[in-house]
Protein chains: 2
Amino acid sequence: MRERPSRLALYTVDAVLVTAMGSELAILLGRNSSDRERWSLPWRIPQTGETLDAAAATTARDALGELPSWMEQIGAFGDGKRHPSEADVSVAYVGLIPHQTASPRDGHTWFPVANPPLLAPRQRAMVDGATKTLQSSLDQAPIAFRLLPATFTLSELQQMYELLLGKRLHKASFRRALQAAWLVEPMDEWRSEGRGRPAQLFRYLPKKKRRPHRGVRFDFLYP
Amino acid sequence: MRERPSRLALYTVDAVLVTAMGSELAILLGRNSSDRERWSLPWRIPQTGETLDAAAATTARDALGELPSWMEQIGAFGDGKRHPSEADVSVAYVGLIPHQTASPRDGHTWFPVANPPLLAPRQRAMVDGATKTLQSSLDQAPIAFRLLPATFTLSELQQMYELLLGKRLHKASFRRALQAAWLVEPMDEWRSEGRGRPAQLFRYLPKKKRRPHRGVRFDFLYP
DNA sequence: TCAATAGTGTCTGTTAGACATTATGGA
DNA sequence: TCCATAATGTCTAACAGACACTATTGA
């Protein structure tokens, strides 16, 4: 059984590890150390001198056995909600796991992000924050690419975007925008998936390009 | 002199308070408590039971005498860099101050954000994070409006956007997009600024509108 | 052959930016 | 009057979405 956290630890680092399973996103949960009936996000009390980013990476590796293909801090959570540790504050990270190749360590399982088991309120907030972070940085960082294997079809890429955005996208528009962005390179491979014409495989290989200049957006509804 | 932080405090809450002074952004700094020759961001050790948001608000009020018109958490900073307190980690917030009406408390002064005095490395990173946060949520939240007084001209609003974005904007396009967003209401007042035709005053009053549906963007250059 | 999916060409309505023009005050 | 700024109308190129069509496989 995991050792009880020291009373001196006033903050933890928690990881929301996300992968795509079929047509939905999944997060990795482990058995709660104090109550084996319940589940919790992987977390860790940083060693002295350990950076936050390093602690998050270690947390992910301890739970998964491998490092996420992409990690980013979500923020600090601590609005009086309960946490498996006795820490006042938890610094949350979101991490992406490319395929579902990784075999979680003992006691860890993937759960659908839309329908997780009961979590401590603060961890519940972190999961919500993770999906929000992924959506909002979807067009600023290669989130979808980091959730896919090294080679993929354009339909798979579009489905990943649709999964992350929670809405359908227009096929021709999607491919036009993708081509203009110089992000993928076609391979000399095709993949046949049941019936229908086989799809060409691509890999993520961003090339130099001019910064897209967009106009101002006023996308907020209310204060 | 400010009391020395307790050795038990493992994290602080720091506030990056931003206002617009003329043609540049400014941040509020106070004298460092241990070395009066140096400057630092306002910060605070949260009381037990105090939420992070509440601690950030209190930090701002203690330094300014008033609450910011908008606050948001930037994230947790702690990559081994030094901080005026002995905390391992600092949770940073950015706050907006509408005009420069507020008179900072003793020992506090506004500094240009582009050219601040020497800061502790971790606080320097928080200031950079603050401008990045403002830029990236500029089209998701009424940042520019919260930096302006209650009534303003459209030129002032555009100049605020240009200041935050660091680039010039097209006047006609800016006003078209603004009108389509139903965010401002014209007043029955005009203001004459030196020569030229007087400008009509507006106030921020967002109205119901349909969510704008945008296509996918691939705005990142490299991994 | 039909069904299903990949991939592309064309059209159209919307929009961002360029440009020009009018409006209205102060010097 | 001239000049500076506000405010707006028109044109054009770019682009997003709709639609239709071709291409290529398995059943």
Side-chain angles (χ1 to χ4, degrees), chain A residues 22-23 138-139 144 148-149 151-163 165-203 209-219, chain B residues 22-23 138-139 144 148-149 151-163 165-203 209-219:
Chain A
S23 63
L138 188 55
D139 51 358
L148 288 170
T151 62
F152 47 84
T153 69
L154 296 190
S155 293
E156 288 171 339
L157 180 62
Q158 180 175 345
Q159 284 162 21
M160 189 63 78
Y161 267 92
E162 290 175 339
L163 182 54
L165 288 169
K167 67 175 181 186
R168 300 297 311 275
L169 295 174
H170 190 266
K171 183 164 75 167
S173 290
F174 181 83
R175 296 184 179 213
R176 253 182 323 214
L178 185 64
Q179 209 156 15
W182 293 95
L183 289 178
V184 297
E185 195 184 55
M187 317 279 292
D188 269 333
E189 278 181 80
W190 281 259
R191 179 194 294 157
S192 210
E193 202 83 59
R195 298 219 275 187
R197 174 174 167 179
Q200 191 167 15
L201 292 179
F202 290 77
R203 62 174 174 149
K209 64 195 173 201
R210 73 195 187 294
R211 265 244 170 260
H213 51 293
R214 350 179 327 194
V216 194
R217 300 269 186 176
F218 302 99
D219 280 356
Chain B
S23 63
L138 188 56
D139 51 357
L148 288 170
T151 62
F152 49 84
T153 69
L154 296 190
S155 293
E156 289 171 340
L157 180 63
Q158 181 176 344
Q159 283 160 23
M160 189 64 77
Y161 268 92
E162 291 175 338
L163 182 53
L165 289 170
K167 68 175 181 186
R168 300 297 310 276
L169 296 174
H170 191 265
K171 183 161 78 164
S173 290
F174 181 83
R175 297 185 177 209
R176 255 185 318 220
L178 185 64
Q179 207 155 19
W182 294 95
L183 289 178
V184 297
E185 196 185 54
M187 317 278 292
D188 270 333
E189 278 180 80
W190 280 259
R191 179 194 294 157
S192 209
E193 203 83 57
R195 300 220 275 186
R197 174 174 169 180
Q200 191 167 15
L201 292 178
F202 291 77
R203 62 175 174 150
K209 64 195 173 204
R210 73 196 186 293
R211 268 240 171 266
H213 51 291
R214 352 178 326 193
V216 193
R217 299 268 187 175
F218 302 99
D219 280 354

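Computed from a prediction, not measured in an experiment: that's the story for all the values here.
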Novice: Given C:dG25, D:dA18, D:dA7, which nucleotide is nearest the side-chain atoms of B:Pro198?
Specialist: C:dG25

Novice: Return the nearest nucleotide to the side chain of A:Leu154; candidates are C:dA16, C:dG7, D:dA18.
Specialist: C:dG7

Novice: Side-chain donor or acceptor of A:Arg176 under 3.5 Å from a matching atom on the base of D:dG17?
Specialist: yes

Novice: From NZ of B:Lys167 over to P of C:dA16, roughly how many Å is that when rounded to an integer?
Specialist: 12 Å

Novice: Of the non-hydrogen atoms in B:Thr151 and B:Met187, which two are nearest, and what is the gap between them?
Specialist: CG2-CE, 4.0 Å

Novice: Rounding to an integer number of Å, can you tell me how far B:Arg175 CZ sits from C:dA16 P?
Specialist: 16 Å

Novice: Under 4.0 Å between any heavy atoms, over every strand shown, what does B:Glu193 touch: base, sugar-phosphate, or nothing? Just pick one.
Specialist: nothing

Novice: Expressed as a whole number of angstroms, how long is the span from A:Gln179:CD to C:dG9:P?
Specialist: 10 Å

Novice: Expressed as a whole number of angstroms, how long is the span from A:Asp219:CG to C:dT15:P?
Specialist: 12 Å

Novice: Under 4.0 Å between a side-chain N or O of A:Arg197 and OP1 or OP2 of C:dG7?
Specialist: no

Novice: Provide, to the nearest angstrom, the distance between the CG atom belonging to B:Leu157 and the P atom belonging to D:dT5.
Specialist: 18 Å

Novice: Which listed nucleotide (C:dG7, C:dG25, D:dA7) is nearest to the side chain of B:Ser192?
Specialist: C:dG25

Novice: Should the side chain of A:Ser173 and the base of D:dG17 be counted as holding a donor-acceptor pair, with the cut-off at 3.5 Å?
Specialist: yes

Novice: Please give, in whole Å, the distance from D:dA6 P to B:Leu178 CG?
Specialist: 15 Å

Novice: Compare all side-chain heavy atoms of A:Arg203 with those of A:Pro149 and state whether any distance is below 4.5 angstrom.
Specialist: no

Novice: Establish, with yes or no, whether the OP1 or OP2 oxygen of D:dA6 is under 4.0 angstrom from a side-chain nitrogen or oxygen of B:Ser155.
Specialist: yes

Novice: Could you tell me which non-hydrogen atom of A:Phe174 sits nearest to which non-hydrogen atom of A:Leu157, and how far apart they are?
Specialist: CZ-CG, 3.9 Å

Novice: Taking atom P of D:dA6 as reference, at what distance in whole Å does atom CZ of B:Arg191 sit?
Specialist: 11 Å

Novice: Verify the neighbour count for atom CD of B:Gln179: are there more than 12 heavy atoms of other residues, nucleotides or ligands below 6.0 Å?
Specialist: no

Novice: Is a donor-acceptor pair below 3.5 Å formed from side chain B:Arg195 to base D:dA4, judging by atom type as modelled?
Specialist: no

Novice: Distance from A:Arg175 atom CZ to A:Leu178 atom CG, nearest 0.5 Å?
Specialist: 9.0 Å

Novice: Rounded to the nearest angstrom, tell me the gap between atom CH2 in B:Trp190 and atom P in C:dA23.
Specialist: 16 Å

